[in-house]
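Take a look at the structure set out below.
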Amino acid sequence: MLDPRLFRTDLDFVTTQLARRNFAFDADAYTRLEARRKDIQVKTQDLQNQRNSNAKAIGQAKAKGEDVQPLLDQVGQVGEELKAAEAELATIQAQLDSLMSSIPNILDEAVPEGKDEDSNLEISRWGEPRQFDFAAKDHVELGEKLQGMDFELGAKIAGSRFVVLNGGLARLQRALIQFMLDTHTAEHGYNEVYVPFLVNADSLRGTGQLPKFEADLFKASSDPDLYLIPTAEVPVTNIVRDVIIEAKNLPLKFVCHSPCFRSEAGAYGRDVRGMIRQHQFEKVEIVQIVKPEDSAQAHEQLTAHAETILQKLNLPYRRMLLCAGDTGFSSTKTYDLEVWLPAQGLYREISSCSNFKDFQARRLQARWRNPETGKPELVHTLNGSGLAAGRTLIAVMENYQDADGRIHIPEVLLPYMGGLTVIG
RNA sequence: GGAGAGAUGGCCGAGCGGCUGAAGGCGCUCCCCUGCUAAGGGAGUAUGGGCUUUAACUCCCAUCGAGGGUUCGAACCCCUCUCUCUCCGCCA
């Protein structure tokens with residue numbers, strides 16, 4: 001949710017900024033709605049004021065033992081009028097809310113123009129892709145050969161876009177998760193949390209998945225309304241919903257492992273092969289809640305924390321700055337980390353690190369008390385994958401394979417593998 | 001799943017249908033007093049909105065778990081829901 005004041009003070013700025021995203025904002029419709037809201041709100045509050053002073057007068061007259069009947073006769077129609085005005089205000093307010101919550105965040109100045117991923121900007125590269133003296137196999141082939149990755153079984157048990165991992169590969173994924181959690185808590189100062197994997201609609205509104213992206217979610221129950229989380233970002237960021245945080249407690253840094261569930265509606269035919277795009281996958285998420293002045297720096301830092309994982313695993317990657325058209329709805333600026341997949345010979349998204357500034361905080365009413373003003377002010381929220389475990393598993397398999405299709409365990413994972421050094 | 005009790009400011013806690021946005025206490029902030037400490041005295045201390053062509057103040061509106069209702073008027077009465085606690089049952 002954007003700042004309503006920005007709309008009142010600089011509507012042109014809002015319109016041109018949203019156009020960068022190819023978001024057509026109807027400023028005239030907004031202006032008309034806002035004018036009506038103001039009108040009716042003033043009228044409603046006027047009537048409420050009348051009602052209150054009438055009621056007060058009756059109360060006082062009664063206390064003095066006077067006859068209140070003449071007063072009662074006077075106030076008759078205020079109630080009806082007020083009721084109508086309140087109903088109208090509620091309708092307009094709902095329209096305005098629905099309009100406002102469908103508007104994406106304003107992009108950071110640094111975000112390059114462009115309509116899709118082809119315009120994303122490469123910021124840096126790390127690591128040298130390994131030279132293979134044999135034809136590198138992809139993870140599907142490797143997984144089947146090792147009898148550690150079974151998509152048919154996943155399909156039998158659940159359906160398409162599900163997988164069953166077995167033996168060493170299942171353990172390798174768990175090792176990756178453990179390694180990531182340990183690194184972020186011990187070296188990067190994050191606090192590990194365990195959270196609900198089913199969330200209510202309020203939480204999804206807070207982080208921006210609702211109302212616009214319901215189709216991407218799995219709804220688990222209608223009474224009560226519960227959804228499977230598409231990312232731990234949702235429950236973790238909602239820790240601070242409706243909270244006023246003391247300045248001394250900032251920044252808050254959370255790390256959380258969770259399964260993620262995505263319906264991938266609209267992704268039919270894309271990435272059908274293998275574990276790239278599943279309905280269920282494991283991810284370690286890092287989240288920061290910071291003072292507004294710190295968020296730009298925190299964004300760099302948080303992205304570097306995710307990069308550390310790739311570096312320790314010795315997986316070549318590059319950092320991309322997403323262009324205007326590719327940046328997510330709630331984000332002002334997003335870095336994607338893309339890991340090298342040798343079988344396909346390309347870099348593939350494995351982490352997405354975003355600065356939401358106050359966009360989520362406004363929906364969440366997540367605030368801090370600014371000691372300078374003594375007033376509650378909105379915090380800035382950030383998050384990033386640190387990393388997507390399923391895709392990291394793929395990257396390790398493909399980058400650490402040998403000519404016989406065996407997977408060598410990266411050194412940093414050895415302590416988590418119970419003595420296993422090679423799978424296969 | 002069954003039976004019962006409850007939800008009021010940062011915390012505890014009072015609250016008769018009518019000057020109650022809310023007593024009192026604790027905490028916190030500022031001031032006074034005291035040689036230091038302790039104690040004492042005074043003042044202040046919710047959030048959002050109306051609000052925009054400045055800012056402050058005054059003013060107005062809303063909010064006592066949430067949503068409806070009754071009423072001229074609801075923290076208080078009625079209904080629905082959510083959550084918490086106690087006991088019983090079940091369970092990893």
Side-chain angles (χ1 to χ4, degrees), chain A residues 1-14 27 30-97 100-101 194-206 220-227 235 238-250 358 361-379:
Chain A
M1 188 94 85
L2 290 166
D3 188 350
R5 265 171 301 205
L6 193 59
F7 285 73
R8 290 173 201 155
T9 55
D10 203 346
L11 200 57
D12 287 346
F13 173 77
V14 173
Y30 166 81
T31 308
R32 279 195 300 275
L33 202 55
E34 171 62 13
R36 275 184 69 206
R37 190 226 92 223
K38 200 164 158 180
D39 257 23
I40 290 160
Q41 181 159 349
V42 168
K43 184 178 153 200
T44 305
Q45 295 194 349
D46 235 40
L47 289 167
Q48 285 171 327
N49 187 11
Q50 271 181 52
R51 177 202 61 195
N52 290 347
S53 32
N54 285 340
K56 207 171 255 184
I58 291 171
Q60 280 165 354
K62 225 172 182 177
K64 289 184 203 145
E66 295 168 7
D67 179 19
V68 294
Q69 195 52 49
L71 283 170
L72 284 176
D73 294 340
Q74 275 176 37
V75 299
Q77 78 213 31
V78 177
E80 291 307 306
E81 251 183 277
L82 178 58
K83 215 168 217 174
E86 279 177 339
E88 197 179 354
L89 181 60
T91 308
I92 289 176
Q93 202 63 261
Q95 283 173 22
L96 208 50
D97 283 352
M100 293 296 278
S101 58
Y194 171 82
V195 295
F197 300 152
L198 289 164
V199 294
N200 58 34
D202 281 343
S203 293
L204 288 159
R205 266 192 291 274
S221 149
S222 289
D223 185 27
D225 278 336
L226 286 174
Y227 299 81
N238 272 277
I239 289 173
V240 295
R241 169 150 56 93
D242 293 322
V243 173
I244 299 172
I245 304 158
E246 290 305 319
K248 65 172 160 47
N249 294 328
L250 291 174
D358 62 11
R362 186 167 294 106
R363 293 177 170 222
L364 291 162
Q365 282 301 300
R367 294 169 295 176
W368 68 298
R369 198 173 290 280
N370 185 343
E372 283 174 28
T373 61
K375 292 282 174 202
E377 296 173 15
L378 296 171
V379 295

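Labels below follow one simple rule: chain letters A, B, ... track the order of the sequence lines, proteins then strands, and each chain is numbered from 1. Only heavy atoms go into these numbers, but all of them, side chains included; no hydrogens, no water, no symmetry mates.
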Beyond-backbone contact of A/Y30 with A/L96, side-chain heavy atoms, under 4.5 angstrom: yes
Please tell me which of the listed nucleotides, B/rC61, B/rC72, B/rU47, lies nearest to the side chain of A/N49? B/rC61
Paired nucleotide for B/rA38 [Watson-Crick or G-U wobble; both distances under 3.5 Å]: none
Within residues 5-12 of chain A: residues closer than 4.0 Å to RNA chain B (heavy atoms): A/R5, A/R8, A/T9
Of the options B/rU70, B/rU47, B/rC72, whose atoms approach the side-chain atoms of A/A55 most closely? B/rC72
Base-pairing assignment for B/rG10 (Watson-Crick or G-U wobble, both under 3.5 Å): B/rC26
Distance, C1' atom - from B/rA22 to B/rA62, rounded to whole angstrom: 15 Å
I want to confirm an ordering. Mapping A/A57 and A/T44 to their closest nucleotides on RNA chain B, which one lands closer to the 5' end? A/A57
For B/rG65, which nucleotide in any strand shown is its Watson-Crick or wobble partner with both distances under 3.5 Å? B/rC81
In the structure shown, which nucleotide is the Watson-Crick or G-U wobble counterpart of B/rA92, with both distances under 3.5 Å? none
Between B/rU82 and B/rG41, how far is it from one C1' atom to the other, in whole Å? 46 Å
Value in whole Å for how far the P atom of B/rC72 lies from CD of A/Q60: 19 Å
Salt-bridge test for A/R37 and A/E34: reply yes if a basic N is under 4.0 Å from a carboxylate O, no otherwise. yes
If you compare every side-chain N and O of A/R369 against the phosphate oxygens of B/rU47 (OP1, OP2), does one of them come in below 4.0 Å? yes
Closest of B/rG50, B/rC72, B/rU47 to the A/K375 side chain is B/rU47
In whole angstrom, what separates A/M1's CE from B/rG49's P? 12 Å
Rounded to whole Å, how long is the line connecting atom CD1 of A/I244 with atom C1' of B/rC28? 15 Å
Between A/K56 and A/Q50, which residue's closest nucleotide on RNA chain B lies nearer the 5′ terminus? A/K56
Would A/R36 and A/D39 count as a salt bridge (Lys or Arg N to Asp or Glu O under 4.0 Å) here? Give the steps. CA-CA 5 Å; A/R36 275 184 69 206; A/D39 257 23; over 6 Å; no
Say you pick atom P in B/rG69 and the same atom in B/rG73; how far apart are they, in whole Å? 12 Å
Minimum heavy-atom distance A/L378-A/A361, with the two atoms named: CD2-O, 3.7 Å
Mate of B/rC87 across any strand shown (Watson-Crick or G-U wobble, both atom pairs under 3.5 Å) is B/rG2
I need the CD1-C1' distance between A/I40 and B/rC61, as an integer number of Å. 16 Å
Please give the nucleotide sitting opposite B/rC33 as a Watson-Crick or G-U wobble pair, both distances under 3.5 Å, or none. none
Find the partner of B/rA74: check Watson-Crick (N1-N3 plus N6-O4 or O6-N4) and G-U wobble (N1-O2, O6-N3) distances, both under 3.5 Å, and reply none if neither fits. none
Using only atom types and a distance under 3.5 Å, with no angle test, would you say the side chain of A/R363 pairs donor to acceptor with the backbone of A/S101? yes
Rounded to whole angstrom, note down the P distance from B/rG68 over to B/rG13. 29 Å
Looking only at atom P, what distance separates B/rC59 and B/rU70, rounded to whole Å? 32 Å
Rounded to whole angstrom, note down the P distance from B/rC16 over to B/rC90. 42 Å
Classify A/Q365 by what it touches in the nucleic acid, base, sugar-phosphate, or nothing, heavy-atom distance under 4.0 Å. nothing
CZ-CG distance between A/R205 and A/L364, expressed to the nearest 0.5 angstrom: 11.5 Å
Specify the separation, in whole Å, of atom CZ of A/R51 and atom P of B/rC61. 9 Å
Identify which nucleotide among B/rC61, B/rC72, B/rG48 has an atom closest to any side-chain atom of A/Q48, counting heavy atoms from C-beta outward. B/rC61
Nearest-Å distance for atom pair CG/P, residues A/D202 and B/rG67: 11 Å
Provide, to the nearest angstrom, the distance between the CG atom belonging to A/D242 and the P atom belonging to B/rU47. 14 Å
Write down the distance separating the C1' atoms in B/rA23 and B/rA75, rounded off to the nearest Å. 14 Å
For A/N52, answer base if it contacts any base atom (sugar-phosphate contacts may also be present), sugar-phosphate if it contacts only those atoms, and nothing otherwise; contact means non-hydrogen atoms under 4.0 Å. sugar-phosphate
A/N238 versus A/V199: any side-chain heavy-atom pair under 4.5 Å? no
N/O (side chain, A/K38) to phosphate O (OP1/OP2, B/rG50) under 4.0 Å: no
Is it true that A/K43 and A/E81 have a side-chain N and a carboxylate O under 4.0 angstrom from each other? no
Within the 3.5 Å criterion, strictly below it, is a donor on A/R241 or A/S203 matched to an acceptor on the partner's side chain? yes
Given B/rG48, B/rC60, B/rA62, the nucleotide with the shortest approach to the side chain of A/Q45: B/rC60
Nearest-angstrom distance from the residue atom CG of A/N54 to P of B/rU71: 16 Å
Start with the C-alpha gap between A/L82 and A/T44, add the side-chain angles, then the distance that decides, and say whether side-chain contact (heavy atoms from CB on, under 4.5 Å) holds. CA-CA 6 Å; A/L82 178 58; A/T44 305; 4.2 Å; yes
Measure from the side-chain heavy atoms of A/Q41 and tell me the nearest of B/rG73, B/rU47, B/rG49. B/rG49
For the P atoms, the ones on B/rU45 and on B/rG25, what distance do you get once it is rounded to whole angstrom? 15 Å
